[in-house]
Amino acid sequence: MSIIYLDNNATTKVDPEVIEVMLPYLRDYYGNPSSMHTFGGQLGKAVKTARQQLAALLGADESEIVYTSCGTEGDNAAIRAALLAQPEKRHIITTQVEHPAVLNVCKQLETQGYSVTYLSVNSQGQLDLNELEASLTGNTALVTIMYANNETGTVFPIEQIGLRVKEHGALFHVDAVQAVGKIPLNMKNSTVDMLTLSGHKIHAPKGIGALYVRRGVRFRPLLIGGHQERGRRAGTENVPAIIALGKAAELEMLHLEEATKRERRLRDRLEQTLLATIPDCEVNGDPTQRLPNTTNIGFKYIEGEAILLSLNQYGICASSGSACTSGSLEPSHVLRAMGLPYTTLHGSIRFSLCRYTTDAEIDQVIAVMPSIVERLRALSPFKNDDAGWLQEQSLVVSQ
Ligand code: PLP
């Protein structure tokens, strides 16, 4: 059975061209770029080219790129750097819908004497900029907000946010792990001070990411050791992965316009057909300010995990907004922050496309989903019973 991979917000397939450019640096050119001999030292040139390729995707200067091991490291490094650079300030602003790579750092910082404001979102997952303005003070060291939400695809108005942040003299970090390669970026005309990205979301391998740090922003490294990355991230460079990320960035630039158009068309066709053929379902997230590749649909009265298992039998890979932890059902913090009713919260599924997604794959999902939902609803004791479902779910959650 072939795989229909619609879980590209979780991770992506490495582009074959990326594998090709990476291989010689695994097999033949294994030197250390910091070495004095030519065998190692020559790698510096290849790393420089890769850095230029990545900088071009962001509209940044190559000197503003700091390689990391993943998006999580980029988020951690940016938050720590902002606080270390301004030790007199003890307040951070973020949102309730961030990735755990930001949320859990903020939670830990609260135990270390920092105060954190978690901005709320409305039912479409959007922020209220008045709430942001009211939260900003002279004590605010950092505002850290995602560009696009990984679960719903909702895109935040980053530059409007940045203008307000700058008026109050705080640093502005953006987790753009889901936005890079899907939204054109230009750091030259931006209010963003630091921006996180991750290779494995843009058809590069896992184990490589980058943090953009605007020139002039005071930066303190998370990893301390050697002088790699101009003293901003110690550790021998992951040369094959850096080369791969450079190529992946070049390909993202090349494909961005045409791929996003195509993904939006396929996503809209999938979404509209499912909404038209399956009763009691709705799209979660902002209908217009949204990533072109993502749809998150809530199917009432059934469990997302059951839908995923059924899709899995057809080789279809998607994801649910909820995670099953220690026997009790814990719905997604993002969908909960949006105030979705329990009837929808538990049955939400995310389909995330990429440039490899085909019409035939979308046809297959459209073909199987109605019968999957119908079968699961027939087994559900809560079909058309919002009150009963609500009561049962509160019992499960409060256990
Ligand atoms: N931030 C967002 C918005 C993400 O979606 C992810 C990964 O899903 C991360 C951060 C973490 O990235 P990584 O898996 O590279 O650590």
Go through the side-chain N and O atoms of Asp15 and Tyr356 and say whether any donor and acceptor fall under 3.5 Å apart. yes
Side-chain donor/acceptor of Thr357 to backbone N/O of Cys354, under 3.5 Å: yes
Within the 3.5 Å criterion, strictly below it, is a donor on Asn293 or Ser352 matched to an acceptor on the partner's side chain? no
Which residue pairs satisfy the side-chain hydrogen bond (donor to acceptor under 3.5 Å, both in side chains) criterion with at least one member in residues 204-232, sequence neighbours excluded? Thr11-Lys206, Arg51-Glu229, Asp61-Arg215, Ser63-Arg215, Tyr212-Arg214
Sequence neighbours excluded, every pair satisfying side-chain hydrogen bond (donor to acceptor under 3.5 Å, both in side chains) that has a member inside residues 176-187: Asn9-Lys182, Gln178-Lys182
Which pair of non-hydrogen atoms, one from Ser310 and one from Arg375, has the smallest distance, and what is that distance? OG-NH2, 3.0 Å
Who are the side chain to side chain contact (heavy atoms under 4.5 Å, CB included) partners of Gln108, not counting sequence neighbours? Arg80, Thr111, Gln112
Check salt bridge (charged side-chain N to carboxylate O under 4.0 Å, His left out) between Glu263 and all other residues, then give those that pass, not counting sequence neighbours. none
Which atom pair, heavy atoms only, marks the closest approach of Cys281 to Ile297? CB-CG2, 4.1 Å
In chain order, what residues pass the side chain to side chain donor-acceptor pair (under 3.5 Å) check against Glu374, with sequence neighbours excluded? none
Please tell me whether Ser69 and Glu73 have a donor and an acceptor in their side chains that are separated by less than 3.5 angstrom. yes
Donor-acceptor side-chain pairing of Tyr301 and Arg377 below 3.5 angstrom: no
Does Lys201 form a salt bridge (Lys or Arg N to Asp or Glu O under 4.0 Å) with Glu252? I'd like the steps, not just the answer. CA-CA 11 Å; Lys201 311 285 185 180; Glu252 288 297 324; over 6 Å; no
Does the side chain of Thr196 come under 3.5 Å of the side chain of Asp75 through a donor N or O and an acceptor N or O? yes
Side chains of Gln126 and Asp286: is there a donor and an acceptor less than 3.5 Å apart? yes
Strictly by modelled atom types, are Thr295 and Glu271 linked by a side-chain donor-acceptor pair under 3.5 Å? yes
Between Ser120 and Glu131, does a side chain to side chain donor-acceptor pair (under 3.5 Å) hold up when you go through it step by step? CA-CA 8 Å; Ser120 61; Glu131 190 189 356; 2.8 Å; yes
Which pairs pass ring-ring contact (aromatic ring centres under 6.0 Å, His included) with one or both residues in residues 3-26, sequence neighbours excluded? Tyr25-Tyr29
Verify same cluster id: Leu222, Leu197 (apolar side-chain graph, 4.5 Å): no
Which atom names give the shortest non-hydrogen contact between Leu251 and Arg355, and what distance separates them? CB-NH2, 3.9 Å
Less than 3.5 Å apart, any donor N or O on the side chain of Thr137 or His168 sitting next to an acceptor on the other? no
